[in-house]
There are 2 protein chains.
Amino acid sequence: MVTATRSPSPETASADPAEPTARQAAVLDAVLALMQEKGGQLTMTAVARRASCSKETLYKWFGDRDGLLTATVQWQASRVRAGRYDRQKLDGSSLRDSLKDFAATWLSVISSPTSIALNRVAITDAGSREGNLGQIVLENGRFAIGARLKPVLEEGRAAGLLAFDDTEAAFRSFFGLVGRDVQIRLLLGDALTLGKAEIARDAAIATDQFLTLYGRTAQKPAAA
Amino acid sequence: MVTATRSPSPETASADPAEPTARQAAVLDAVLALMQEKGGQLTMTAVARRASCSKETLYKWFGDRDGLLTATVQWQASRVRAGRYDRQKLDGSSLRDSLKDFAATWLSVISSPTSIALNRVAITDAGSREGNLGQIVLENGRFAIGARLKPVLEEGRAAGLLAFDDTEAAFRSFFGLVGRDVQIRLLLGDALTLGKAEIARDAAIATDQFLTLYGRTAQKPAAA
DNA sequence: GATGAGCCGTACCGTACGTTACGGTTCGGT
DNA sequence: ACCGAACCGTAACGTACGGTACGGCTCATC
């Protein structure tokens with residue numbers, strides 16, 4: 001927890017899941033960097049050395065190791081706020097573009113070294129103890145994108161462009177078509193690389209497939 | 001490694017990734033049980049206590065902790081050899097049934113506590129060190145099912161039931177439609193439960209969606 | 001210029017765990 | 001009956017790491 005359990009002075013204070021100090025942000029960036037480089041051996045000593053701060057400071061700011069990890073996850077989540085997609089005219093073409101953007105953004109996120117490392121840590125944490133890191137990652141990953149995409153889907157339905165009963169089910173199909181085996185393979189260490197062009201292509205294919213399944217008008221199936 | 005680096009006597013010997021002794025299998029079952037119950041805290045002492053064997057024996061049989069985990073993964077993989085699907089007449093109906101069975105089997109596997117625990121361990125391992133556990137899990141999971149499903153897809157194409165250029169791409173779409181967000185949610189600790197009926201329903205929906213995308217004849221789209 | 005808060009660097013403590021060592025027991029072979 | 005191999009239970013060792021304590025430095029404030 002940033003500005004931990006009971007901070008005696010309101011110096012760097014703010015709400016609980018809130019803005020870290022610039023210095024604190026630097027520490028969290030160090031954590032992210034170490035996660036990617038060294039993997040699981042995320043030791044407090046290593047973080048302190050990398051961030052050029054003392055362990056005492058780490059514990060004062062974040063409480064304990066779990067608090068540091070939690071703050072790191074939230075810090076990373078706070079900057080993956082890409083794409084707004086406020087309602088536009090919403091014809092078939094703009095809907096398709098929105099979905100493609102969502103798909104490409106999502107593929108970029110899950111294939112980034114940062115996301116992979118973060119998810120690995122969270123999964124490890126979810127496996128043992130009472131760790132809530134998994135839930136936090138889920139909240140800021142899978143569920144966040146769902147919450148942002150569903151309004152788009154429902155606007156598409158309202159505009160007569162899409163047909164489905166269950167928004168959640170439709171989203172999960174989209175999620176599957178886009179992600180396929182990418183995330184699990186990367187998490188398990190498979191040497192799968194996704195370039196920008198590849199992501200754009202896969203996003204387009206997945207979007208077309210989704211429109212084939214859920215579009216009200218016939219779409220050209222992408223039998224790649 | 002079962003019967004480790006240099007086994008002085010060929011007592012329980014066999015090939016390297018091969019059949020463990022009944023006693024050794026009991027030990028590996030204990031590891032699997034502990035993985036599910038205790039999560040990450042997979043200590044050698046706990047394994048020895050659970051399996052009623054000495055730590056010395058564990059080290060003699062498996063070399064080190066990594067060897068024990070590797071043997072466990074392979075042991076588990078060796079018994080998930082379900083479904084043969086040798087070529088049959090292969091009309092539209094039997095193809096659909098085969099795909100549905102594949103989908104249901106796969107969903108059952110990835111939602112089983114054993115698979116979740118095993119994948120968590122492998123992902124943790126993939127994140128740190130030189131661990132090859134991730135590759136082993138990938139080999140016996142994602143890639144194994146791909147190798148078994150692709151012939152079915154290609155027979156379907158040969159029979160004029162399916163249309164695709166890239167078998168791998170077609171399989172990955174099927175994989176995504178079936179798995180969607182299930183595995184990542186479970187790995188991250190989400191309380192998602194899949195009953196038999198739910199699995200059967202989801203497998204059918206995913207299969208129909210796949211056939212809509214890749215079937216040569218029109219299929220009824222399942223807009224659930 | 002003195003004062004005190006915040007922080008860096010490092011030494012230190014306690015514990016958990018991987019790994020090794022050892023005494024005692026069981027059991028198949030001779 | 002004897003021998004040796006395999007194995008169990010447990011103690012012991014070394015290390016890594018989370019967490020704490022402390023001395024010294026910097027710097028804003030008065």
Side-chain angles (χ1 to χ4, degrees), chain A residues 1-13 20-28 30-31 34-35 38-72 121 124-125 127-131 133, chain B residues 1-13 20-28 30-31 34-35 38-72 121 124-125 127-131 133:
Chain A
M1 57 297 262
V2 178
T3 70
T5 334
R6 23 68 292 171
S7 48
S9 55
E11 354 78 321
T12 68
T21 301
R23 186 78 182 87
Q24 291 173 337
V27 171
L28 298 180
V31 175
L34 277 179
M35 274 186 184
K38 315 289 291 184
Q41 15 168 170
L42 227 283
T43 152
M44 298 297 280
T45 303
V47 171
R49 194 154 42 215
R50 174 60 160 262
S52 293
C53 74
S54 72
K55 287 209 280 178
E56 186 181 29
T57 302
L58 291 184
Y59 283 100
K60 180 182 297 185
W61 283 350
F62 305 102
D64 56 5
R65 186 174 188 274
D66 213 59
L68 177 61
L69 293 181
T70 302
T72 302
V121 172
T124 302
D125 185 86
S128 60
R129 307 171 297 158
E130 71 302 328
L133 269 187
Chain B
M1 53 300 264
V2 179
T3 70
T5 336
R6 24 65 290 166
S7 48
S9 55
E11 358 75 321
T12 68
T21 301
R23 185 78 181 88
Q24 291 174 337
V27 171
L28 299 180
V31 176
L34 277 179
M35 274 184 184
K38 315 290 291 186
Q41 18 169 168
L42 225 284
T43 153
M44 298 297 278
T45 302
V47 172
R49 194 153 41 216
R50 175 60 160 264
S52 292
C53 72
S54 73
K55 290 208 272 180
E56 185 183 28
T57 301
L58 290 183
Y59 283 99
K60 180 184 295 185
W61 283 348
F62 304 103
D64 56 5
R65 187 174 188 273
D66 212 60
L68 177 61
L69 292 181
T70 302
T72 302
V121 171
T124 302
D125 185 87
S128 61
R129 309 174 297 157
E130 71 301 325
L133 268 186

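Below, chains carry the letters A, B, ... as their sequence lines are ordered, and counting in each starts from 1.
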TODO: To the nearest Å, give me how far apart NZ (B:K60) and P (C:dT19) are.
DONE: 17 Å

Open item on the list: Students often get this wrong, so: under 4.0 angstrom with heavy atoms, is B:L58 touching a base, only sugar-phosphate, or nothing?
Closed with: nothing

- [ ] Would you indicate which nucleotide in C:dC7, D:dC7, C:dT19 comes nearest to any side-chain atom of B:M44?
- [x] C:dT19

Open item on the list: Tell me the interatomic distance from B:Q24, atom CD, to D:dA6, atom C1', rounded to whole angstroms.
Closed with: 12 Å

- [ ] Would you please test A:W61 and A:L28 for side chain to side chain contact (heavy atoms under 4.5 Å, CB included) and show each step?
- [x] CA-CA 11 Å; A:W61 283 350; A:L28 298 180; over 6 Å; no

- [ ] Whole angstrom is fine here: how far is it from CZ in B:F62 over to P in D:dA6?
- [x] 16 Å

Open item on the list: Within the 4.5 Å heavy-atom criterion, are B:R65 and B:L42 side-chain neighbours or not?
Closed with: yes

Identify each atom pair where a protein N or O and an N or O of nucleotides 24-26 of chain C are less than 3.5 Å apart, giving names and distance.
none

Open item on the list: Without decimals, in angstroms, what is the distance between B:R65 CZ and C:dG18 C1'?
Closed with: 9 Å

Open item on the list: How close do B:T45 and B:K55 get, counting heavy atoms only, and between which atoms?
Closed with: OG1-NZ, 3.2 Å

- [ ] Give the rounded distance in Å between these two atoms: CG of A:L69 and C1' of D:dG18.
- [x] 12 Å

Open item on the list: For the CZ atom of B:R49 and the CG atom of B:L34, what is their distance to the nearest 0.5 Å?
Closed with: 9.5 Å

Open item on the list: Output the rounded distance in Å from CG (A:D64) to C1' (D:dG19).
Closed with: 10 Å

- [ ] Pick out which of A:V47, A:T70, A:L68 makes a side-chain contact (heavy atoms from CB on, under 4.5 Å) with A:F62.
- [x] A:L68

TODO: Identify, with sequence neighbours excluded, every residue that meets side-chain contact (heavy atoms from CB on, under 4.5 Å) alongside B:V121.
DONE: B:M35, B:L69, B:L133

Task: Donor-acceptor under 3.5 Å (B:T21 side chain, B:R23 main chain) - done: no

Open item on the list: Tell me whether the side-chain N/O atoms of A:T43 come closer than 4.0 Å to OP1 or OP2 in D:dA16.
Closed with: no

Any N/O pairs under 3.5 Å between the protein and nucleotides 8-11 of chain D? List them or say none.
| from | atom 1 | to | atom 2 | distance (Å) |
| --- | --- | --- | --- | --- |
| D:dC8 | OP1 | B:R23 | NE | 3.4 |
| D:dC8 | OP1 | B:R23 | NH2 | 2.9 |
| D:dC8 | OP2 | B:S54 | N | 3.3 |
| D:dC8 | OP2 | B:T57 | OG1 | 2.8 |
| D:dC8 | N4 | B:E56 | OE1 | 3.0 |

TODO: Specify the separation, in whole Å, of atom CG of B:L42 and atom P of C:dA16.
DONE: 17 Å

Task: Exam field: side chain B:S54 to backbone B:T57, donor-acceptor pair closer than 3.5 Å - done: yes

Task: Minimum heavy-atom distance A:C53-A:V27, with the two atoms named - done: SG-CG2, 4.3 Å

